[in-house]
Amino acid sequence: MNLKEAFTVELEPIPPYSFELTLRKPAGWYWSTPEEIFEKGTCWSVTRFNGELLGLKLHSTGTIQKPQIHCTVYSRTKVDDSSKHAITRMLKRAIKAEEDLTGFYKLSQKDDILQGVVKDLYGMHTIGWPELFPALILAVSLQMAPMKRSNQMMDLLLANFGDQASFDGKTIHYWPSAQTIANAPVEELKDKAKLGYRAKNLKAIATALTQDFPSMDELSAMEPQEAKNKLLTLQGIGEYSAELVMPKTGFPLDVWSAKIFNVLFYGKIPEKPRDAIPALKVAAEQRWGNWRGYAFVYVLNDLPKLSKRIGIDLTKF
DNA sequence: GCGTCCAGGTCTACC
DNA sequence: GGTAGACCTGGACGC
């Protein structure tokens, strides 16, 4: 689908703000879609807003201490003023423009795990999904599967059920809409995206989203616990997935990250990582309080350097 | 080549 | 309220 330039907007995030580290996390996580393009301070990406595909060109014109982002929005149709306003609000939330890291950095000064990671990743902000359904696709794909298989499922969903957006000389694949997955037969999802038992859950989630379910913007405006409870009503979304989608105050431990944090807290890999998760969540909350979600993102995006400092290779788990 | 095992959770049925 | 066991199926691994 060809998109035309609709409007531009200047965003001024709260410093310190690193555009590169925030949009393209060092551990390799994309911001909106795995296919987005990142070149020298410019990110071409795609999202869906009120059912319409939007092309996004985000270009950093500032610095970490005086951040400024020039954003061009591309659309198939004309964008009216009220939609411009809503899209701008969504962008601010998704790039974490209004997230103030001061409290987290203050806390990190007295914390031997965080001291180093905040220096390494100074100005990096946490994860802000532009749209809800793709975040849920990621959560479902990560369940009970090695990374390679999770990536296979996501790649096949993009290729067989996704959409394409062409704008500014770039063509980028984007995630299927909830409507598309809600309409697809479970067998087709199993065959074409190799989702296995997750196919049934993803279709149920997609169906719920096409009915009366809050958007990512609406969830973000809720109290974190209320938003989490809402996500937990979705079939196949448990504690881990809900916190992955709404990382505000969560600590979305899975067996992989449980091993890492167990080593950091207690110096060893737990015998049964899954059983260690509840106690580790309590320990993280006691240690970092409402900043534990930030600690989670910082630590997992700094494993190579953190490993060198502590003398244990955390990148092989 | 072929068989076996299990994965970056969630839900249910049973105590 | 706590806890085994099932769940799809592709890839890794041992033979």
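Every value quoted in this text rests on a predicted model; they were computed, and no experiment measured them. Letters go in sequence order (proteins before strands), and every chain restarts at 1.
Across all strands, Ile237(A) comes closer than 4.0 Å only to sugar-phosphate atoms, never to a base (heavy-atom distances). Using a 4.0 Å heavy-atom cutoff across all strands shown, Ser241(A) reaches sugar-phosphate atoms only and no base atom.
Comment: Lys228(A) engages Glu239(A) in a salt bridge, judged by a side-chain N to carboxylate O separation of less than 4.0 angstrom. We find that Asp120(A) and Lys308(A) are not joined by a salt bridge, their nearest charged nitrogen and carboxylate oxygen being 4.0 Å or further apart. We find that Lys230(A) and Glu218(A) are not joined by a salt bridge, their nearest charged nitrogen and carboxylate oxygen being 4.0 Å or further apart. A salt bridge does not link Asp155(A) with Lys148(A): none of the charged nitrogens is closer than 4.0 Å to a carboxylate oxygen.
At a threshold of 4.5 Å between side-chain heavy atoms, the hydrophobic network of Ile, Leu, Val, Met, Phe, Trp and Tyr places Leu209(A) and Leu195(A) in one connected group.
Of all heavy-atom pairs between Lys194(A) and Met153(A), the closest is O-CG, 3.5 Å. The two residues Thr22(A) and Thr126(A) come nearest to each other via the heavy atoms CG2-O, 4.4 Å. Listed here is the closest heavy atom pair of Ala184(A) and Phe161(A): CB-CE2, 4.0 Å. Considering every non-hydrogen atom in both Tyr105(A) and Ser108(A), the closest pair reads O-OG, 2.7 Å. When all heavy atoms are compared, the tightest approach of Leu3(A) to Gly55(A) is CD1-N, 3.3 Å.
Note: CG (Leu156(A)) to P (dC8(C)) measures 19 Å, nearest angstrom. One interatomic measurement links the two molecules: CG of Asn151(A) to C1' of dG11(C), which rounds to 14 Å at whole-angstrom precision.
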Legend entry - Pairing string, 5' to 3', for DNA chain B - Watson-Crick or wobble contacts under 3.5 Å, brackets [ ] where pairs cross, | to another strand: |||||||.|||||||
Legend entry - Evaluation steps, salt bridge (Lys or Arg N to Asp or Glu O under 4.0 Å), between Lys106(A) and Asp100(A): CA-CA 11 Å; Lys106(A) 200 171 168 196; Asp100(A) 187 352; over 6 Å; no
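Under the ring-ring contact (aromatic ring centres under 6.0 Å, His included) test applied with Phe38(A), the options Trp44(A), Phe19(A), Tyr30(A), Trp31(A) reduce to a single match, Phe19(A).
One distance of note links SG of Cys43(A) with CD1 of Ile37(A); it measures 9.0 Å at 0.5 Å rounding. With rounding to the nearest 0.5 Å, the separation of CG in Asp163(A) from OG1 in Thr180(A) is 6.0 Å. Note that the CD atom of Glu285(A) and the CZ atom of Arg292(A) stand 4.0 Å from one another [nearest 0.5 Å]. In this structure, the separation between CD1 on Ile95(A) and CG on Leu56(A) is 10.5 Å, given to the nearest 0.5 Å. The line from OG of Ser32(A) to OH of Tyr174(A) is 4.0 Å long, rounded to the nearest 0.5 Å.
With the nearest nucleotide of DNA chain B identified for both Gly236(A) and Leu300(A), Leu300(A) has the one nearer the 5' end.
Running 5' to 3' along DNA chain B, contacts with non-hydrogen atoms of chain A at under 4.0 Å begin and end at dA7(B) to dC11(B).
Comparing dG10(C) with dC11(B), their C1' atoms are spaced 23 Å from each other, to the whole Å.
The stretch residues 180-202 of chain A touches DNA chain B through Tyr197(A), each having a heavy atom under 4.0 angstrom from the strand. Only Leu142(A), Gln143(A), Met144(A), Ala145(A), Pro146(A), Met147(A), listed by number, bring a heavy atom of residues 127-147 of chain A to less than 4.0 angstrom from any atom of DNA chain B. At a non-hydrogen distance threshold of 4.0 Å, nothing from residues 254-285 of chain A comes into contact with DNA chain C.
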Detail all sub-3.5 Å separations between protein N/O atoms and N/O atoms belonging to nucleotides 4-6 of chain C.
none

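Using a 30° and 60° split on the angle between ring planes, Tyr294(A) and Trp291(A) fall in the perpendicular class, above 60°.
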